[in-house]
Amino acid sequence: MDKVFRALADPSRRELLDRLYAENGQTLGQLCERLAMTRQAVTKHLVLLEEANLVATVRRGREKLHYLNPVPLNEIAERWIAKFERHRLQALSELKQKLESEDG
Amino acid sequence: MGKPSFVYVTYIRATAEKVWDGITDPAMAAQYWGCHRNVSDWKVGSKWEHERTDQPGVIDIVGKVIESDRPRRLVMTWANPANAADPEKVSRVTIEVEPHKDDAVKLTVTHSELESNSDMLRGISKGWPAVLSALKSFLETGKGTPV
């Protein structure tokens, strides 16, 4: 679980996960296209994400496709969120959203 | 096969046979797969059904077994029974179990040919991660987390 938290602690890596969530199965080239990161930096981040099992890769011909693997995130959600009285947290979250939208 | 829609990976401290059985044995699946079990003889060409355990006879998903190589690889088609005859609405699930280090396996579930923007696609993206976590928990601790 440490690897997952460490992987998530970096904003660039979270951005990569968001990109894959928006469009899954991208090649390294596709990911680099729309990000303000060097190819080297993206590669480095992807390796860490893969080691944390947050990204899974599939070979298609000469290409490697990257997929967001949400299973470890689901495990964290179960272990660290669900057990802490989900329904009360949900009510709090709804209240926060309501108050914040009234402010704005 | 086109580009997969989803790829899910989890590492489970159990034998490949246990993981295979966890998915294919109705009695085991019923314990962690949120009120569902998978029914089939798992021979190539046979049908398989994803049946409700709390409402016997209610089948939520149907398909056909395309490849079956216990405990390494299982490939089947996947469709809502109402849409099973429409090729656009039939997707494909590939389950691969590989040894990992000494005492664990890597379970990869690849779901492909899902119709984009469909309810099935949306349902799958919520379902598989929870089911795989529950399977892992069940095989490693004997307890399924409720799905």
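Letters A, B, ... mirror the listed sequences (proteins, then strands); counts begin at 1. Just so it is clear, the structure is predicted and the values come from calculations on it, not from any experiment. Only heavy atoms go into these numbers, but all of them, side chains included; no hydrogens, no water, no symmetry mates.
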Quiz item: Do you know the tightest heavy-atom contact between B:T10 and A:N53?
Solution: CA-ND2, 4.0 Å

Quiz item: Can you name the nearest heavy-atom pair linking B:L132 to A:V71, along with the distance?
Solution: CD1-CG2, 4.1 Å

Exercise. Could you list the residues that satisfy ring-ring contact (aromatic ring centres under 6.0 Å, His included) with A:Y21, not counting sequence neighbours?
Key: none

Do the side chain of [X] and the main chain of [Y] share a donor and acceptor less than 3.5 angstrom apart?
X     : Y      : value
A:Y67 : B:S5   : no
A:N74 : B:S133 : no
A:N24 : B:F6   : no

Quiz item: Under a single-linkage definition using a 4.5 Å side-chain heavy-atom cutoff for Ile, Leu, Val, Met, Phe, Trp and Tyr, are B:L107 and B:V93 assigned to the same hydrophobic cluster?
Solution: yes

Quiz item: Is the number of heavy atoms from other residues, nucleotides or ligands within 6.0 Å of CZ (A:R19) greater than 12?
Solution: yes

Exercise. Determine whether more than 12 heavy atoms belonging to other residues, nucleotides or ligands lie under 6.0 Å from atom CD of A:Q40.
Key: no

Quiz item: What residues form a salt bridge (Lys or Arg N to Asp or Glu O under 4.0 Å) with B:K43, not counting sequence neighbours?
Solution: none

Self-check item: Which atoms of A:L68 approach chain B - backbone, side chain, both or neither, heavy atom under 4.5 Å
Solution: backbone

